Protein chains: 2
Amino acid sequence: MTTAAGTEEKIKAAAREIFLKKGFAATRTRDIAEHADINIALLNYYFRSKEKLFQQIMMETLSTFFGSLLQIFMDRESALQTKFEQCASQYIDLIKQQPDIPMFILSELRAQPEAFVQSIAGNARLKDLVIYEQIVAEMDEHQQKAFDPVHIMINVMSLTLFPFVARPMLQTIGAVNPSEFDDLMEKRKQLIPQWIMEMLK
Amino acid sequence: MTTAAGTEEKIKAAAREIFLKKGFAATRTRDIAEHADINIALLNYYFRSKEKLFQQIMMETLSTFFGSLLQIFMDRESALQTKFEQCASQYIDLIKQQPDIPMFILSELRAQPEAFVQSIAGNARLKDLVIYEQIVAEMDEHQQKAFDPVHIMINVMSLTLFPFVARPMLQTIGAVNPSEFDDLMEKRKQLIPQWIMEMLK
DNA sequence: GTCTATAACGTGATAGAC
DNA sequence: GTCTATCACGTTATAGAC
């Protein structure tokens, strides 16, 4: 019952790093074990199987990814533009620290269509969010009803997350070089809210 | 030497479908063979190895994906807004037919950082494109120099491609339901160019 | 709890008959 | 060209000693 100093967490840290980088199928338990300075037997002792370990990592990652966002979206006090600013700023900071998160979630969610549905949703549907009401109100005020408000939500996510997801491609086609990518994203913290507000007018 | 009626193409079609859906690591040659109604031996007879087959699929996919785009971007006759319209329209049509293309390219490009560099780039760097010049000119005209023109290129791609990439996630969080997704993307053919032009003012 | 050794299995690839 | 049968290997998972 007595767990050696942080062994379990050490394994999880290694698993997180490798799963996030290579995805479930391309990851070998050997790599995780080696990276955590233990052996495969111990990995299975703690987590029973590669699959179980993966699910745990996935759940925690989803929680990190959606958790902070949900608070912003449900705040009844803050103005709409403030929400967009917080959202862009917070996401860009989070993903700078763990750049593989978006790609990981998107690609593993594609592979396992239904496995994680209840862990994400279950609670809130998009149209129940405070931010969604605010978008609708803002569009009404400008007699702007030319399109579905869902586009706005999609755009916030697109403009924020896509650059991280597409980073290898963007570098390959020479759109950005590695050193200036961070500055570019820093600047987008300010630009994205502006662009989005403009779309509502 | 005599190839049986379309066997090679039949295998490639099956490989394309499965590789695009599951990626290299998660795909088994057995699945491809079964799907093509042949056996593994024949697959290796034609393509020597899983890796070789994959590379062929990848090259063709990259060519499909970037080929048509490059023509639009290099056209000296068409106006900037026209380019954005063509780009959004053409891409959305293309990806509607093969919805897995963007995710496939992005995730496999991450896995194989340098393998396909020369096949994509080699020819044109972003800043040599006609469209890039036009964006710079348009921003000058509006005394709009508040940000790097590269943001605009990134935004076109983000707004167009991200919804496809994030489709499983968007459905999971109840942002869109499967039946209305196509309509949403159809509408974006018109919206994206408008949004982008607005950003330049 | 942690290790070594090994079992059990799945996968990519080939040999050889037709 | 296409098949069946099989090999060779890598991987996950477990048994059992410490």
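Predicted, not measured: the structure shown is a model, and the values here were computed from it.
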The complete set of ring pair (Phe, Tyr, Trp, His ring centres under 6.0 Å) pairs with one or both residues in residues 78-105 of chain B, sequence neighbours excluded, reads Phe54(B)-Phe104(B), Phe65(B)-Tyr91(B)
| said: Looking at Tyr46(A), I'd like to know if the NZ or CZ of Lys52(A) sits under 6.0 Å from its six-membered ring centre while staying within 45 degrees of the ring's axis. | reply: no
Counting primed atoms, P, OP1 and OP2 as sugar-phosphate and everything else as base, the B/S/- map of nucleotides 4-18 of chain D against protein heavy atoms under 4.0 Å is B------BBBBB---
For this session: State plainly whether the residues Arg125(A) and Asp128(A) are in salt-bridge range, i.e. N to O under 4.0 Å.
Result: no
Applying side chain to side chain donor-acceptor pair (under 3.5 Å) to Lys12(A) and not counting sequence neighbours gives Glu60(A)
Separation of dC3(D) atom P from Tyr46(B) atom OH, nearest Å, is 10 Å
Query - Salt bridge flag under 4.0 Å for residues Lys83(A) and Glu77(A) - result: no
